[in-house]
Amino acid sequence: MDLSAEFKRIYGTDPTVESHAPGRLEILGNHTDYNEGVVLSCAVTRETHMLLAPRSGRNCRITDLRDNSQTEFNLDEIATPRPRDWGNYIRGVIVEMRKRGLEIDAFDAVIYSTVPLSAGMSSSAALEMAAAMAFSEAFGIKLTRPEWARIGQGVENNYLGLKSGLLDQFSSLYGKRDSLILSDFRTVEVLKTVPMPHGYSFVVANSMVKHHLVDSEYNSRRKECESAAKKLSEVLPGIKTLRDVTMQELEENEDKLTVREFLRARHVVGECQRVFAAEKALARNDIGEFGALLYESHRSSQTDFQNSCPELDILVRFAEASPLCLGARLSGGGFGGISIHLVADDNVDEYCAKLREYFQRQAHKDPQLIVCNIGDGAGAVKLG
Ligand code: GLA
C-alpha cells in the first residue's frame, strides 16, 4: 500500500514524517521485566507505520488504513481513555509526554500495521512506539529510548491500568535484525545482541484463547512477585526485587512465603537463570540446549507461575513429541495468547501442517500460525 498516497487522499496534504515500530517476541525470561530481571527477546519484521503532518488548532485526526476507521480528538480533552478505542494508545502517549512537560501540536495521521492484533506480539507497544517516534521527529522532542519506553509503559500502567513491564516497548525500540537482544530491566539497557544461529525460525502458534481476565491475572501475578520479594528482603539483606534472589536462598526461605508466592518466585528466579544459560548456549551454537531451556520455561509456567492454559499446553505438547521442533513455550503474558516454536527452516512447512492438524483435532479450533523473521527496531524519517 502507498501510505503517502493514502494520506493525501484522506487529508488533501502530504505527510511530513513517517515512523515505524515492530511487534516483538519474548523468547525467554517470562514475567521477569517488572522484577528488574533479564529477558531475551526480538523484534519481528511486522511493523506499525505512522505518517503524520502537523496542523493548526487543537484537533487531531487519525485513520487506521486497515479498516479506514477514524478517531478524532482535541488535545485538551484526552485526560481519560475512551472505551474500546485504539486511539487510546496514541492519546496515552501524549498524556504521558505532558506529565513530563512535553507538548506537541495538533496533527493528522494515518497508521498501517502488519503486526497481528491480540496475538501476543505487542501490537499495542508497536503503536505506542510508532507514535512516539513520529512525535519525536515531527515536533523535535529529544528523549532517550529508555525514556520513550517508559512513556509507553506509562500508557499501559497509568492510562489503561495494566501493570506491565518495559519489555514490549524496549524490544520494539532496540530490536536487531537476525538477533535476539538480552535486556536488563534493572539498569534498563541492552546488555548484548545475541545472533540467532542460521537456518532456524520461530513459528508463532496462536492458541486463539483470549482470556478476559488477562489484566487482572497479570496484575495479581505482579503483586505476588512483589510481596514475595518484600518478605524475602526482611530476612535476606540487599534484596530489592526477585532479581536479587538466588534459587538456593529462595529454597532455604520457602517457609517465609505463601505457597503461591514461593511458586511465582521460583518461576522468576528460574527464568533469569535460563536467560543467561540460553545466551551461553547460543554463543556456542548449542541449539539443542537452547531449545531444552524453552521447554523448561514452559513447564515452569505450567506448574509454578500458572499462566498457561489447556490450548497452549496442547501446542507445546505437540512440539515436545515432534522430532521437527527443538523447543517451544508460551510467550508473553500468558493465560492464552501465543506459543513460540523453534524449528529448522527446512522443516517449517511440514511442522506447521502437522501442528495445525493436531491442534484442530485436540482443541477443535484452527490455530493462527505465523513464521517470524527477526527485524530491526523502531525509527522515523522526515518525508519530502
Ligand atoms: C506482557 C507485558 C510485558 C511482560 C510480559 C511477560 O507482554 O506487557 O511487560 O511482563 O507480558 O514477560
Side-chain angles (χ1 to χ4, degrees), residues 21-44 89 92 115-129 146 148-175 180-186 188 204 206-207 209-211 213-226 229 241-243 264-265 267-275 278 293-294 297-298 300-302 304-309 312 329-340:
R24 66 98 185 90
L25 287 181
E26 172 200 285
I27 303 300
L28 204 53
N30 187 241
H31 286 258
T32 56
D33 60 349
Y34 56 79
N35 290 298
E36 299 189 353
V38 285
V39 188
L40 271 177
S41 68
C42 64
V44 294
Y89 295 105
V115 185
L117 287 176
S118 312
M121 292 167 79
S122 290
S123 57
S124 53
L127 180 52
E128 291 153 11
M129 293 302 99
W148 281 120
R150 283 193 201 284
I151 283 179
Q153 185 192 26
V155 176
E156 306 284 345
N157 289 186
N158 309 324
Y159 205 58
L160 302 170
L162 176 70
K163 300 293 176 197
S164 51
L166 279 165
L167 170 67
D168 308 342
Q169 293 80 10
F170 219 69
S171 310
S172 181
L173 290 172
Y174 284 101
L180 307 184
I181 55 169
L182 171 57
S183 308
D184 184 327
F185 289 100
R186 163 149 294 161
V188 191
V204 166
N206 190 341
S207 68
V209 175
K210 269 198 83 179
H211 199 297
L213 296 172
V214 165
D215 291 9
S216 63
E217 293 276 16
Y218 184 97
N219 291 351
S220 71
R221 290 301 184 282
R222 182 171 181 155
K223 277 208 190 100
E224 287 158 1
C225 290
E226 285 165 357
T241 67
L242 291 180
R243 158 70 181 272
R264 309 309 185 230
H267 178 67
V268 171
V269 173
E271 284 293 282
C272 289
Q273 289 180 345
R274 283 186 280 277
V275 165
L293 290 162
L294 301 181
S297 166
H298 188 77
S300 171
S301 269
Q302 284 179 306
D304 287 2
F305 214 68
Q306 296 169 321
N307 61 336
S308 188
C309 67
L312 284 167
R329 59 178 288 268
L330 73 80
S331 166
F335 313 105
I338 59 166
S339 55
I340 54 169

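Position 1 is the first residue of the sequence, and the numbers go up from there. Counting starts at 1 for both ligands and their atoms, following the listed order.
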Q. Which pair of heavy atoms, one from N157 and one from L162, lies closest together, and at what distance?
A. ND2-O, 2.7 Å

Q) Between S41 and E26, what is the shortest heavy-atom contact and its length? A) CB-CA, 4.3 Å

Which pairs of N or O atoms, one from ligand 1 and one from the protein, are separated by less than 3.5 Å, and what is the distance for each pair?
| unit_1 | atom_1 | unit_2 | atom_2 | d |
| --- | --- | --- | --- | --- |
| ligand 1 | 7 (O) | R24 | NH2 | 2.8 |
| ligand 1 | 7 (O) | D168 | OD1 | 3.3 |
| ligand 1 | 7 (O) | D168 | OD2 | 3.3 |
| ligand 1 | 8 (O) | D168 | OD2 | 2.5 |
| ligand 1 | 9 (O) | D33 | OD2 | 2.6 |
| ligand 1 | 9 (O) | G165 | N | 2.9 |
| ligand 1 | 10 (O) | D33 | OD1 | 2.8 |
| ligand 1 | 10 (O) | D33 | OD2 | 3.4 |
| ligand 1 | 10 (O) | Y218 | OH | 2.6 |
| ligand 1 | 11 (O) | G333 | N | 3.2 |
| ligand 1 | 12 (O) | E26 | OE1 | 2.5 |
| ligand 1 | 12 (O) | H31 | N | 2.7 |

Q: Decide yes or no for L160 and Y89: does some side-chain heavy atom of the first lie under 4.5 Å from some side-chain heavy atom of the second?
A: yes

Q: Enumerate the residue pairs fulfilling salt bridge (charged side-chain N to carboxylate O under 4.0 Å, His left out) with a member in residues 30-43, sequence neighbours excluded, ordered by first and then second residue.
A: E36-R186, E36-K240

Q | NZ/NE/NH1/NH2 to OD/OE distance under 4.0 Å, E271 and R243 | A | no

Q. With distance as the sole criterion, is a donor-acceptor pair present between the side chains of Q153 and Q169 under 3.5 Å?
A. no

